[in-house]
Amino acid sequence: MSQMNTHAASGLELRATPRVLSIAGTDPTGGAGIQADLKSIAANGGYGMAVVTALVAQNTCGVRAVHTPPVEFLRQQLDAVSDDVTIDAVKIGMLGDVDVIREVRSWLEATRPPLVVLDPVMVATSGDRLLAPSAEQALRDLVPLVDLVTPNLPELAVLLGESPAQNWAEALEQGKRLSTATGATVLVKGGHLTGARCPDALVNTHGLLADTVVEFASPRVETSNTHGTGCSLSSAIATVQARTGDWADSLSRVKSWLHDALLHAGDLEVGTGNGPIHHFHRLFAETPPVGQEFSRALWRDIEHTRTAIFDLPFIQALGDGTLDEVDFSYYLAQDALYLNTYSRVLARASALAPTEAAQLFWANSAQVCLEVESDLHRTWLSEHAAPRELGPVTKGYLDHLLAASVQGSYAVLVAAILPCYWLYAEVGDRLHAQFLGRGDDSVHPYATWLETYADEGFAAATRQAVAFTDAAAGAASAQEREAMRTAFAHSSQCELDFFDAPRFHAR
């Protein structure tokens, strides 16, 4: 688990489609408030629900009027949702006055949602204060009840009673002070600063997260279409966190999505002021798919390669137990040489990984490579002779992986690594099922190999490797995702050639 994923309540249960409640005001033009929240939740894979705190007459040019319904009706809305629907995450936006803030606080204390993200709407883009001083204090008092607070720099200053930060270093220090004062994780946002890069950081100073700062930066998008950016980011990260359980991974995915939403905002042509971001840009963008669709696309890309692997005489004979020992010994000797370098490639992936969860997974995989799987090779090869020099196919495969590891792209590297998990899991599962279905009592000469790669532990590791690859794709640029597909396809072809190599080089 990442260091940044343990602050959420222990009752958080990860879901593929989390049920996310937005508690916020409205925007009739659809770019901010609850309307933006619902779009963000849907765009990031959640089911959105909404409780209205205020009816706001606004457009892309500004706010004209605000009507706050009675707090009794606010509580009726909140209870209507929580009495019927299991809520996986809550995003809180505009809370217009003290009574509204206290009512939401009372509901939170009674309901205890597993995950709460607060976007403290306190200061307008113009710099105008949106809350009375008493309401500002009530909102400060609400922060200790939430898991993540996402203020812009003026709001961060108001929460602390200080002047706004003038640079990124000052902003990070303010984030640390707010986390220390409240116990919450703070998302410090650099959108109000200038410069070619737009930084964000997750800051926490408590417990297991003490002195943890995880920074991300993306190219700044020069656009006036920023209406509802804060609303959209906070509801998106609440949604993704309910799916991943890892704050750093969630922010990485959301920043990538938000960057592209800003980049394509001009396509919408909504309003004459600061237009909205394009929440659903990925439905229409001509880029490789992201999320779980990305790994599905990778698997479809290599359908011909997968078919060719199972048509190989080596694989067919390995499955039915008729494979010549000389061929298997050559394959296993080459695999032992391969794993020695492959473990270093996995260690490099660990060093490049953006989250602690990914770092630990790849580091542990590197260790397993050397300790567990190599034991299989040592046992067999101690009893069977086989050439121990690096074969041409093995060398070509390793050259490809090493080239990917030195390029410095985590996303491309994990895509290059993935076939050694995924294809082996597929081969092991299918051949093991064939072995079990033979219906006789004879001993399969390669049963240990079949059981190693059909093992549930290896299958679980493969699922994790696929998930980390999807996460990396979500944070990558379109160009990088295309490079990931190329690397994955190349490694898959290398796996095909590796299985076929004994036919040409074993004797």
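Keep in mind that what you see is a predicted model, and the values were worked out from it rather than measured.
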* Qualifying residue for ring pair (Phe, Tyr, Trp, His ring centres under 6.0 Å) with Phe499, from Tyr397, Tyr330, Tyr424 -> Tyr424
Under a 3.5 Å threshold, yes or no: a donor from one side chain and an acceptor from the other, between [X] and [Y]?
X      : Y      : answer
Gln464 : Tyr421 : no
Gln316 : Asp320 : no
Ser235 : Ser22  : no
Thr394 : Gln334 : yes

Between the main-chain N or O of [Y] and the side-chain N or O of [X], is there a donor-acceptor pair closer than 3.5 Å?
X      : Y      : answer
Thr469 : Ala465 : yes
Ser252 : Ala248 : no
Arg253 : Thr244 : no
Ser350 : Gln359 : yes
Arg19  : Asp88  : no
Gln241 : Asp246 : yes
Ser491 : Ala416 : yes
Glu215 : Ala201 : no
Lys176 : Thr205 : no
Ser405 : Leu402 : yes

Would a 4.5 Å heavy-atom cut-off, applied to side chains only, mark [X] and [Y] as touching?
X      : Y      : answer
Met49  : Val20  : no
Ser477 : Glu482 : no
His505 : Pro392 : yes
Lys255 : Asp200 : yes
Leu346 : Phe361 : no
Leu115 : Leu148 : no
Trp299 : Leu423 : yes
Asn204 : Val186 : no

* Asked: Going through the checks in order, is the side chain to side chain contact (heavy atoms under 4.5 Å, CB included) test met by Arg344 and Arg348?
  -> CA-CA 6 Å; Arg344 300 203 303 270; Arg348 175 63 174 162; over 6 Å; no
At what distance, to the nearest 0.5 angstrom, does [atom1] of [X] lie from [atom2] of [Y]?
X      : Y      : atom1 : atom2 : result
Leu496 : Phe310 : CG    : CZ    : 11.5 Å
His304 : Thr307 : NE2   : OG1   : 7.5 Å
Gln407 : Glu480 : CD    : CD    : 10.0 Å
Lys39  : Ile34  : NZ    : CD1   : 13.0 Å
Leu323 : Phe314 : CG    : CZ    : 5.0 Å
Leu187 : Leu202 : CG    : CG    : 5.5 Å

Minimum heavy-atom separation for [X] and [Y], please, with both atom names.
X      : Y      : answer
Phe458 : Cys420 : CZ-O, 4.1 Å
Trp257 : Ser40  : CH2-OG, 3.5 Å
Pro18  : Ala242 : CB-CB, 3.5 Å
Ile237 : Ser250 : CG1-CB, 4.1 Å
Gly31  : His279 : O-CE1, 4.3 Å
Ile302 : Ser492 : CD1-OG, 3.5 Å

Classify the ring geometry of [X] against [Y]: parallel below 30°, tilted from 30° to 60°, perpendicular beyond 60°.
X      : Y      : answer
Tyr410 : Trp362 : perpendicular
Phe498 : Tyr331 : perpendicular
His400 : His490 : parallel
His264 : His278 : perpendicular

* Asked: Out of Asp119, Val149, Leu118, Leu145, which one pairs with Ile92 under the side-chain contact (heavy atoms from CB on, under 4.5 Å) rule?
  -> Leu118
* Give the intermediate values and the outcome of side chain to side chain contact (heavy atoms under 4.5 Å, CB included) for residues Thr229 and Leu258. => CA-CA 8 Å; Thr229 303; Leu258 186 60; 3.9 Å; yes
* Around atom CG of Asp84, are there more than 12 heavy atoms of other residues, nucleotides or ligands at under 6.0 Å? -> no
* To do: Start with the C-alpha gap between Trp247 and Leu251, add the side-chain angles, then the distance that decides, and say whether side chain to side chain contact (heavy atoms under 4.5 Å, CB included) holds.
  => CA-CA 6 Å; Trp247 285 118; Leu251 179 59; over 6 Å; no
* To do: In plain terms, say whether Arg503 and Asp327 are close enough for a salt bridge, that is, a side-chain N and a carboxylate O under 4.0 Å apart.
  => no
* For Ile87 and Val81, run side chain to side chain contact (heavy atoms under 4.5 Å, CB included): C-alpha distance rounded to whole Å, both residues' side-chain angles, the deciding distance at 0.1 Å, then the answer. => CA-CA 8 Å; Ile87 299 170; Val81 176; 4.0 Å; yes
* To do: Step by step, work out the side chain to side chain donor-acceptor pair (under 3.5 Å) result for Lys91 and Ser234.
  => CA-CA 7 Å; Lys91 175 268 169 88; Ser234 55; 2.9 Å; yes
* To do: Please assess Asp301 against Arg485 for the test salt bridge (charged side-chain N to carboxylate O under 4.0 Å, His left out), listing each intermediate value before the final yes or no.
  => CA-CA 8 Å; Asp301 286 347; Arg485 295 179 79 161; 2.9 Å; yes
